[in-house]
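Accompanying notes for the structure given below.
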Amino acid sequence: MRTLRRTIAALVIGAVLAALLFVAWGIVRGRPQDLPWTPLDLGAPVGLFTGRKLTALGSDFPQCRRLLDKAGVRYTVLPPRRDSAQCGYDDAVRLTGTGAQRIGYRPAGLGIACPVAAALSLWEWTVVQPAAQKRFGSRVTAIDHFGSYNCRRISGRDSGTWSEHATADAVDIAGFRLADGRRITVARDWTDGADNAAFLREVRDGACRLFATTLSPDYNAAHADHLHLDQADRGTAGWRACR
């Protein structure tokens, strides 16, 4: 019994020391975004917990809108929608492609849950545009997509888990259009072995830091022509998928 108590005490002390070191590390580095309890700021660099904070916005639509407003993102709020007990949304927005968020979406009129919009904005600023400038010397002007809201289960099955698309918490990205006229698509360029493929993998890897789920052609054949990005709420310590 005494040995067990000593073991438990050692574990508790170790956990406290680890937490203190973690806090000190974040403070010394001057990166509050690396700490789990600091407020999310869309204007700050991406930190260790930015992705989880973005996902948590699914339970706080007013805060999500405040963050978009503060970051200069222009949008319109969509009316709530309810098609069934499992399908619908009450926190969807439509990005206007003006203000701080400059990339347009094709087809136009993409409606997405607010946490997805916030993550897409950060993805544009910190991942997509820097990668395009680095590899092509040109900026991205538009993103092609296959849509967001779709009242269906995962993979369109007749039974099983409902897709994040059923609540507009997901978007499927098909390709990118550059200012110099080039077009990069997941279906054609994922395996081309050149800059286009490297760019697509770079934006996929960057998305993994911002979305709860990022699926690409590396995952399965069903994603051969798009990147699936979603903000599935799996809890504060929930697992995150990046394939």
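Because the structure is a prediction, the values reported are computed rather than measured.
Summarising the geometry, atom OG belonging to S148 is positioned 7.5 Å from atom CG belonging to D169; distances are rounded to the nearest 0.5 Å. The CG atom of L67 sits 11.0 Å away from atom NZ of K53, with the distance rounded to the nearest 0.5 Å. To the nearest 0.5 Å, atoms CZ (R209) and CG (L122) are separated by 10.5 Å. If you take CG on L68 and CG on L95, they are separated by 7.5 Å, rounding to the nearest 0.5 Å. Taking OG1 from T214 and CD1 from I173, the interatomic distance works out to 10.5 Å, rounded to the nearest 0.5 Å. In this structure, D91 CG and T167 OG1 are separated by 8.0 Å, a value rounded to the nearest 0.5 Å.
Remark: F199 pairs with F136, F176 by the ring-ring contact (aromatic ring centres under 6.0 Å, His included) rule, at least two apart or across chains. In terms of the salt bridge (charged side-chain N to carboxylate O under 4.0 Å, His left out) criterion, K70 has no residue partners (sequence neighbours excluded). The salt bridge (charged side-chain N to carboxylate O under 4.0 Å, His left out) search around R153 returns none, not counting sequence neighbours. With sequence neighbours left out, R182 forms a salt bridge (charged side-chain N to carboxylate O under 4.0 Å, His left out) with D180. Partners of R52 by salt bridge (charged side-chain N to carboxylate O under 4.0 Å, His left out), not counting sequence neighbours: none found.
Under the 3.5 Å distance criterion, the side-chain polar atoms of Q86 are left unmatched by any main-chain donor or acceptor of W162. Between the side chain of E164 and the main chain of L229, no donor-acceptor pair closer than 3.5 Å is present. Between the side chain of R65 and the main chain of D60, no donor-acceptor pair closer than 3.5 Å is present. Of the possible donor and acceptor atoms, none in the side chain of T185 sits under 3.5 Å from a partner among the backbone N and O of G175. The closest donor-acceptor contact from the side chain of N196 to the backbone of I184 lies at 3.5 Å or more, if one exists at all. Counting only distance, with no hydrogens or angles, the side chain of Q231 and the backbone of G58 share no donor-acceptor pair below 3.5 Å. Although no hydrogens or angles enter the test, the distance criterion places a donor-acceptor pair under 3.5 Å between the side chain of T38 and the main chain of P32. One N or O on the side chain of Q101 and one on the backbone of I103 form a donor-acceptor pair closer than 3.5 Å.
Of the N and O atoms on the side chains of H165 and D172, at least one donor lies less than 3.5 Å from an acceptor on the other residue. A side-chain donor from one of T213 and R234 sits under 3.5 Å from a side-chain acceptor of the other. There is no side-chain donor-acceptor pair under 3.5 Å between T50 and Q33. Side-chain N/O atoms of H228 and D230 include a donor and acceptor closer than 3.5 Å.
Under the 4.5 Å side-chain heavy-atom criterion for Ile, Leu, Val, Met, Phe, Trp and Tyr, L35 and L40 are members of distinct hydrophobic clusters. Hydrophobic clustering (side-chain heavy atoms under 4.5 Å, transitive across Ile, Leu, Val, Met, Phe, Trp, Tyr) groups V77 together with V116. In the hydrophobic cluster analysis, where Ile, Leu, Val, Met, Phe, Trp and Tyr join through side-chain heavy atoms closer than 4.5 angstrom, V73 is grouped together with I143. Residues F211 and L48 do not share a hydrophobic cluster, clusters being chains of Ile/Leu/Val/Met/Phe/Trp/Tyr side chains in contact below 4.5 Å.
Within the 4.5 Å cutoff, no side-chain heavy atoms of V186 are placed close to those of D225. The closest side-chain heavy-atom distance from H223 to S216 is not below 4.5 Å. Looking only at side-chain heavy atoms (C-beta outward), W125 and P130 stay at 4.5 Å or farther from each other. Using a 4.5 Å heavy-atom cutoff, the side chains of L54 and P115 are not in contact. For the pair R94/L110, no side-chain contact is recorded, criterion being any heavy-atom separation below 4.5 Å from C-beta on. Looking at heavy atoms from C-beta onward, R81 lies in side-chain contact with D83 at the 4.5 angstrom threshold. R135 places a side-chain heavy atom less than 4.5 Å from the side chain of E202. Two residues are said to be in side-chain contact when any heavy atoms from C-beta on lie closer than 4.5 Å; T76 and V93 fail this criterion.
Residue R240 places its CZ atom among more than 12 non-hydrogen atoms of other residues, nucleotides or ligands, all under 6.0 Å distant. The neighbour count for F61 CZ, taken as heavy atoms of other residues, nucleotides or ligands under 6.0 Å away, is above 12.
Across V203 and A131, no two heavy atoms sit closer than the pair CG1-CB, 4.3 Å. For A212 against A232, the heavy-atom pair with the smallest separation is CB-O, 3.3 Å. The two residues L57 and A118 come nearest to each other via the heavy atoms CD1-CB, 4.3 Å. Shortest non-hydrogen contact noted between A100 and A71 is CB-O, 3.2 Å.
Annotation: ring-ring contact (aromatic ring centres under 6.0 Å, His included) contacts involving residues 69-120, sequence neighbours excluded, comprise Y89-Y149.
Within the cation-pi definition used here (under 6.0 Å to the ring centroid, within 45° of the axis), R201 qualifies as a partner of W190.
Under a 4.0 Å N-O distance rule, the pair R183/D144 qualifies as a salt bridge. Between D218 and R204, at least one side-chain N (NZ, or NE/NH1/NH2) sits under 4.0 Å from a carboxylate O, which counts as a salt bridge.
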Run L215 and L227 through side chain to side chain contact (heavy atoms under 4.5 Å, CB included) and show every step you take. CA-CA 6 Å; L215 303 178; L227 304 178; over 6 Å; no
Please determine whether side chain to side chain contact (heavy atoms under 4.5 Å, CB included) holds for the pair L178 and T141, giving the CA-CA distance in whole Å, both sets of side-chain angles, and the decisive distance to 0.1 Å. CA-CA 5 Å; L178 304 183; T141 58; over 6 Å; no
